[in-house]
Amino acid sequence: MINEWLFLLGLMAAIGLWLAAMRNRERALHAARGICKTQGVQLLDESVGLSGLRLRRHDGLPQWMLRYAFEVSLDGQDRHAGHLWMAGGRVTGLHTGWPQRTLEEVADPDHAVVDLLQRARRLH
């Protein structure tokens, strides 16, 4: 009888950990989308992946720090890696491995049109 209860308790703990991991992944994906929108780059594969796990002191308390990796493209032809750190469901760090665009490049509609024309020419 005790073995069945221990098994059920272990199963419930595993399911709880899995659900928490999925919730954190969704938060990381949302954060990566926001970063890409702000930076004017395209999030490739619309996904993030857990690439690291550390136990670190954050805000005075030990917490699990989760590292999520993702890739972006500046012009649709390249790939650049980036990653973000999360603790307690919040983004605590960010590393972008791509050249930063200026605000004018991101917001300028003429630049966007030229970008699209250059991409179209590469396809032909």
Would you kindly confirm whether [X] and [Y] end up in one hydrophobic cluster when ILVMFWY residues are joined by side chain heavy atoms under 4.5 Å apart?
X	Y	value
Leu66	Trp18	no
Leu29	Met22	no
Leu19	Leu11	yes
Leu44	Leu84	no
Leu50	Leu55	yes

Verify, without hydrogens or angle tests, whether [X] (side chain) and [Y] (backbone) share a donor-acceptor contact under 3.5 angstrom.
X	Y	result
Ser73	Arg79	no
Thr96	Gly82	no
Asp45	Ser47	no

Of the non-hydrogen atoms in [X] and [Y], which two are nearest, and what is the gap between them?
X	Y	value
Gln63	Ala87	OE1-CB, 3.4 Å
Asn24	Gly89	OD1-CA, 3.9 Å
Thr92	Met65	OG1-CE, 3.3 Å
Met86	Ala28	SD-CB, 3.4 Å

**Report entry** Apart from Leu6 itself, residues in the same hydrophobic cluster as defined by side-chain heavy atoms under 4.5 Å
**Finding:**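 Noted: Leu6 shares its cluster with Ile2.
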
Query - CA sep, side-chain torsions, deciding dist, call: His80, Leu74, side-chain contact (heavy atoms from CB on, under 4.5 Å) - result: CA-CA 8 Å; His80 299 278; Leu74 300 175; 3.7 Å; yes

Report task. Take Tyr68 and His83 through the test side-chain contact (heavy atoms from CB on, under 4.5 Å) and record every step on the way to the result. Result -> CA-CA 5 Å; Tyr68 288 93; His83 66 262; over 6 Å; no

Query raised in the report: Would a 4.5 Å heavy-atom cut-off, applied to side chains only, mark Phe7 and Leu9 as touching?
Result: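 The answer is no; the side chains never approach within 4.5 Å.
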
Report task. With rounding to the nearest 0.5 Å, note down the distance linking CG in Leu43 to NZ in Lys37. Result ->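 Result: 13.5 Å between the selected atoms.
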
Query - Intermediate values then yes/no, side-chain contact (heavy atoms from CB on, under 4.5 Å), Trp85 and Val91 - result: CA-CA 6 Å; Trp85 286 96; Val91 175; over 6 Å; no

Query - Criterion side-chain contact (heavy atoms from CB on, under 4.5 Å) on Glu46 and Arg33, from CA distance to verdict - result: CA-CA 8 Å; Glu46 282 293 313; Arg33 284 181 182 145; 2.8 Å; yes

